[in-house]
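Take a look at the structure below.
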Amino acid sequence: MTTNEPIKSKDFIRAIIAEDIKNNKHGGRVTTRFPPEPNGFLHIGHAKSICLNFGVAAENNGVCHMRFDDTNPSKEEEAYVESIKKDVQWLGFDWGDKLFFASDYFDKLYKYAVALIKMGKAYVCDLPPEEMRQYRGTLTEAGKDSPFRNRSVEENLDLFTRMRDGEFEDGSRVLRAKIDMTSGNINMRDPVIYRILRAHHHRTGDKWCIYPMYDYTHCLSDAIEGITHSLCTLEFEDHRPLYDWVLDTLQTPCHPQQIEFARLNLTYTVMSKRKLLQLVNEGHVSGWDDPRMLTISGIRRRGYTPASLRSFCDIIGLAKRESRVDMGVLENAIRNDLNDTAPRRMAVLRPIKLILTNYPEEQEEMLAIANHPKNSDMGTRQIPFCREIYIEADDFLEEAPKKFFRLSPGREVRLRAAYLITCDRVIKDEQTGKIIELHCTYDPESRGGSAPDGRKVKGTLHWVSARHAIQAEVRLYDRLFNVENPDGDKNTDFKSHLNPNSLEILTDCFLEPQLAKATANDHLQFERLGYFCRDDKESTENTPVFNRTVTLRDSWEKVTKKK
RNA sequence: UGGGGCGUCGUCAAGCGGUAAGACACAGGCCUUUGACGCCUGCAUUCGUAGGUUCGAAUCCUACCGCCCCAGCCA
């Protein structure tokens, strides 16, 4: 295979992995994992991690495990597990038979904890939470040893067994790693590795009343699965010494390398699960899959394609510096994808009726139009035409500036794939002055859209036959927040930046008949308007609902805004 | 005043001692039966700042400055 593509430079993680392979680390094998906690829906930030982990594995003939980090049954649910699996698959990734749960390892984890106790490297601590915090010290002051730190191995073993057997109340005791209370890294100040928690676990039921903590579980799960590279976000950088301490102390046969990268931030949105949940719970959006939400399920319903998301993750790169990617980059990714793949259709969102006064009342005809301007493989279709049509309200201006080359009294424009028409008369409501309909004449010689005399017409309008159109509801979405960084100021509630106009519902839209057959899987361009997709959740038998995925670029709008 | 990171165009991001890739955005122009798409052109004499090493520094050294993360029995 030869290629003239510019060489895409490797990000720092791929560079590290390439080096490891070269040095035959882990025998040249690459195994990664995507480790979500099943306590919420996946968002586009997770997509970055998914593309990284599955991508890096695939590029190196490795595998990526799907592993649920389910160590906190008080927050986790089976329903989230299902939605997460669906989202990852939808994005186009396959974990084969490598589906795991941290809870699969509870027995092993317990045995490792016993081993730690026997080594004198872990102890049961009876300090109540408040006191434990005081003993931990502060960011600038060292902590103090717990009075329970020097319990004998026998006593620790006995106590830990009884913790497991349910002899003690929730929160009354914990198992702690014995490391260093004076460490500058607070994670190393004898971190808790097991807590007592009587909660029903979605997989292990009521088998356990003690659950291992993240820091202890994650590294061991990685080691058990033979993960080679454990990729996570920046905030875990401080945890790496603990990750390594657990594996070194236990001398696990496999010691994965944790590497941290910066999480994704986008302008005009929030990314934390907590804040997304708040938007849902407080009714600012219709749910986790509201098309304005940057959850995977919301994006999907909005009409984004898996390919566009993968491409987006590729474009934004990977580094350690914190950044905020312009929402325009995401929009560019979906436009690029859909420009190539979306069949074109015609739809009028804000209709004005237009009568062709010289077109015979009874006459109807079918006109051929290409489904794609550049790709003839996508074929053509027939669209009906008659005396009464709808055009876009924006496409008519009674007093138009010179640069406006759409319809205006006395001006001639082209109806896409149909005829050249000239506007003769504007009919208005006598009371309100509102335009009711436009009377135009068509040039019968211009069938298809060009005149035999070769005269040039600058403007081309989309239209729909009034007699044949199907009526629909169309939902237009705008950014959810009206500032670039809604949660940037700790003193301001991010919800005060919500964009009140993020959703506009248009109920009197007219679509070409072809669109009656569209499904949620069809990504369509409504010519001159944008890319749209049917919303199966909102559509009814009689009224289809379409979501606008993204607008087309609009340089006319730019011109208008300048003035 | 502790520990861990990060600072290259408006926004992302390459670069790893040999004289600043690419993408988005932006500005012009061409093309056009989508004011779309496509195409062309322009857009960091400069890499947080200040010194130093070197024939040569975004890259090495030193010192500053700025930003982010850490004191859950959350992940």
Side-chain angles (χ1 to χ4, degrees), chain A residues 6-11 15 35-37 39 69 71-72 74-76 125 127-129 132-134 136-143 170-176 182-189 191-197 211 213-215 217-218 232-241 260 262 267 273 314-333 335-336 339-340 344 346 369-370 372-374 403-406 414-418 420 448-450 457-462 484 525-530 551-559:
Chain A
I7 299 147
K8 173 110 169 59
S9 50
K10 278 195 174 78
D11 56 70
E37 183 189 11
N39 70 341
D69 227 330
T71 56
N72 186 359
S74 64
K75 292 185 175 173
E76 296 152 6
C125 182
L127 248 25
M132 193 182 297
R133 190 176 342 130
Q134 284 163 4
R136 190 153 36 224
T138 68
L139 293 178
T140 52
E141 297 161 45
D170 283 15
S172 61
R173 272 176 242 258
V174 295
L175 184 69
R176 291 226 255 172
T182 68
S183 172
N185 182 346
I186 291 178
N187 295 299
M188 299 299 268
R189 318 238 263 230
V192 171
I193 59 177
Y194 265 94
R195 76 281 216 182
I196 303 173
L197 178 64
Y211 290 96
M213 301 289 289
Y214 166 83
D215 285 308
T217 308
H218 201 88
C232 63
T233 43
L234 250 29
E235 68 271 25
F236 291 103
E237 211 149 19
D238 290 346
H239 296 241
R240 181 157 24 96
E260 310 83 13
T267 56
K273 270 191 213 172
D314 207 41
I315 287 164
I316 57 175
L318 188 74
K320 291 195 74 160
R321 72 183 84 106
E322 289 179 52
S323 58
R324 185 169 303 278
V325 176
D326 194 304
M327 187 68 85
V329 179
L330 214 209
E331 293 177 346
N332 187 252
R335 285 194 187 106
N336 276 338
N339 178 49
D340 290 340
R344 309 297 109 136
M346 288 208 283
I369 183 168
H372 191 107
K374 297 262 170 77
K403 301 281 267 185
F404 182 88
F405 39 86
R406 280 118 98 148
R414 172 167 37 240
L415 292 178
R416 178 91 229 264
L420 300 183
S450 49
V457 171
K458 186 77 171 160
T460 300
L461 312 187
H462 60 278
E484 284 202 355
Q525 184 193 99
F526 290 179
E527 291 205 28
R528 303 210 301 138
L529 297 173
T551 61
L552 255 32
R553 269 201 202 80
D554 186 352
S555 55
W556 170 244
E557 187 184 47
K558 264 181 207 169
V559 174

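Chain letters run A, B, ... following the sequence lines, proteins first, then strands; residues in each count from 1. Since the structure is predicted, the reported quantities are computational estimates derived from the model, not experimental observations.
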Take atom C1' in C9(B) and the same atom in C43(B), then report the distance between them in whole Å. 8 Å

Would you indicate whether the side-chain heavy atoms of Met132(A) and Val174(A) approach each other to under 4.5 Å? yes

Anti or syn, where syn is a glycosidic angle within 90° of 0; which label fits G42(B)? anti

Between P of A71(B) and CG of Leu139(A), the distance in whole Å: 8 Å

Whole-Å P distance, G52(B) and A58(B): 15 Å

If pairing means Watson-Crick or G-U wobble with both distances under 3.5 Å, then the partner of A75(B) is none

Checking base pairs now: Watson-Crick or wobble, both atom distances under 3.5 Å. What partners G2(B)? C70(B)

Reading RNA chain B from 5' onward, which residue's closest nucleotide shows up sooner: Asp326(A) or Gly171(A)? Asp326(A)

In whole angstrom, what separates Arg189(A)'s CZ from G72(B)'s C1'? 15 Å

C74(B) phosphate, OP1 or OP2, under 4.0 Å from Ser74(A) side-chain N/O: no

Spacing of NZ belonging to Lys75(A) relative to CD belonging to Glu37(A), to within rounding of 0.5 Å: 6.5 Å

Ile316(A) side-chain proximity, nearest of U34(B), G35(B), C12(B): C12(B)

Phosphate OP1/OP2 of C73(B) contacted by Arg173(A) side-chain N/O (<4.0 Å): no

Taking the side chain of Lys558(A) as its heavy atoms from C-beta onward, which of C26(B), C73(B), C6(B) lies nearest to it? C26(B)

Measuring from atom CD of Glu527(A) to atom CD1 of Ile369(A), what distance do you get when rounded to the nearest 0.5 angstrom? 5.0 Å

Nearest-nucleotide wise, let me know which of Pro129(A) and Asn185(A) is further upstream toward the 5' end of RNA chain B. Asn185(A)

Contact under 4.0 Å: Arg133(A) side-chain N or O vs G72(B) OP1/OP2: yes

Choose from A36(B), A75(B), C70(B) the nucleotide whose nearest atom is closest to any side-chain atom of Ile186(A). C70(B)

Taking any heavy-atom pair under 4.0 Å as a contact, classify Thr138(A): base, sugar-phosphate, or nothing. base

Out of U11(B), U34(B), A14(B), whichever nucleotide has its closest atom nearest the side chain of Arg321(A): A14(B)

Euclidean distance, atom CG of residue Asp69(A) to atom C1' of G72(B) [Å, nearest integer]: 16 Å

Gly171(A) and Pro129(A) have their tightest heavy-atom pair at O-CD, 4.5 Å

Mutual orientation of the aromatic rings belonging to His218(A) and Tyr214(A) [parallel < 30°, tilted 30-60°, perpendicular > 60°]: tilted

Supply the atom-to-atom distance Lys320(A) NZ to Thr233(A) OG1, rounded to the nearest 0.5 angstrom. 11.5 Å

Mind checking His239(A) for me? I need base, sugar-phosphate or nothing, with any heavy atom below 4.0 Å counting as a touch. base

Nearest to the side chain of Phe236(A), heavy atoms from C-beta on, is which of A75(B), U34(B), G2(B)? A75(B)

How close or far is atom C1' of C74(B) from atom CG of Asp170(A), stated in whole angstroms? 16 Å

Just how far, in rounded Å, is C1' of C73(B) from CG of Leu175(A)? 12 Å

Using purine N1 to pyrimidine N3 plus N6-O4 or O6-N4 for Watson-Crick, or N1-O2 and O6-N3 for G-U wobble, both under 3.5 Å, which nucleotide pairs with C37(B)? none

Using a 4.0 Å heavy-atom cut-off, does Met188(A) contact any base of the nucleic acid, only the sugar-phosphate backbone, or nothing at all? nothing

On a whole-Å scale, what distance lies between the C1' atoms belonging to U1(B) and G15(B)? 37 Å

So which heavy atom on Met188(A) is nearest to which on Ser183(A), and how close? CB-OG, 3.6 Å

Side-chain donor-acceptor contact under 3.5 Å, Asn336(A) with Asn332(A): yes

Choose from G7(B), A36(B), G72(B) the nucleotide whose nearest atom is closest to any side-chain atom of Leu552(A). A36(B)

Can you figure out which of G35(B), C74(B), C37(B) approaches the side chain of Arg195(A) most closely? C74(B)

May I ask whether Tyr214(A) stacks on the base of A75(B), given the cut-offs of 5.5 Å between ring centres and 30° between planes? no

Glu237(A) atom CD is separated from A75(B) atom C1', nearest whole Å, by 17 Å

When you check the phosphate oxygens OP1 and OP2 of G3(B), does a side-chain N or O of Ser183(A) lie under 4.0 Å from one of them? no

Taking only the side-chain heavy atoms of Val192(A) (C-beta and beyond), determine which of C69(B), U34(B), C73(B) contains the nearest atom. C73(B)

Regarding Pro128(A), tell me which of base, sugar-phosphate or nothing describes its non-hydrogen contacts under 4.0 Å with the strands shown. base

Measure from CG on Leu330(A) to P on C12(B) and round the result to the nearest Å. 15 Å

Which base, if any, makes a Watson-Crick or G-U wobble pair with A25(B), both distances under 3.5 Å? none

Could you tell me which nucleotide pairs with C47(B) by Watson-Crick or G-U wobble geometry, both distances under 3.5 Å, or answer none if nothing does? none

Taking the side chain of Met132(A) as heavy atoms from C-beta outward, which of C73(B), G3(B), U34(B) is closest to it? C73(B)

Look at the side-chain N and O atoms of Ser555(A) and state whether any lies under 4.0 Å from the OP1 or OP2 oxygen of A36(B). yes

Within the 3.5 Å criterion, strictly below it, is a donor on Arg324(A) or Thr267(A) matched to an acceptor on the partner's side chain? no

Which of the following nucleotides, U32(B), A36(B), C12(B), is nearest to the side chain of Lys458(A)? U32(B)

Do Gln525(A) and U34(B) have a side chain to base donor-acceptor pair shorter than 3.5 Å? yes

May I ask you to verify if any side-chain N or O of Arg136(A) is less than 4.0 angstrom from the OP1 or OP2 atom of G72(B)? yes

What is the nucleic acid contact for Phe405(A), judged by heavy atoms within less than 4.0 Å: base, sugar-phosphate only, or nothing? base

Under 3.5 Å donor-acceptor pair, Arg344(A) side-chain atoms to U34(B) base atoms: yes

Does any donor-acceptor pair link the side chain of Arg553(A) with the base of G35(B) at a separation under 3.5 Å? no

To the nearest angstrom, how far is Glu322(A) atom CD from C69(B) atom C1'? 7 Å

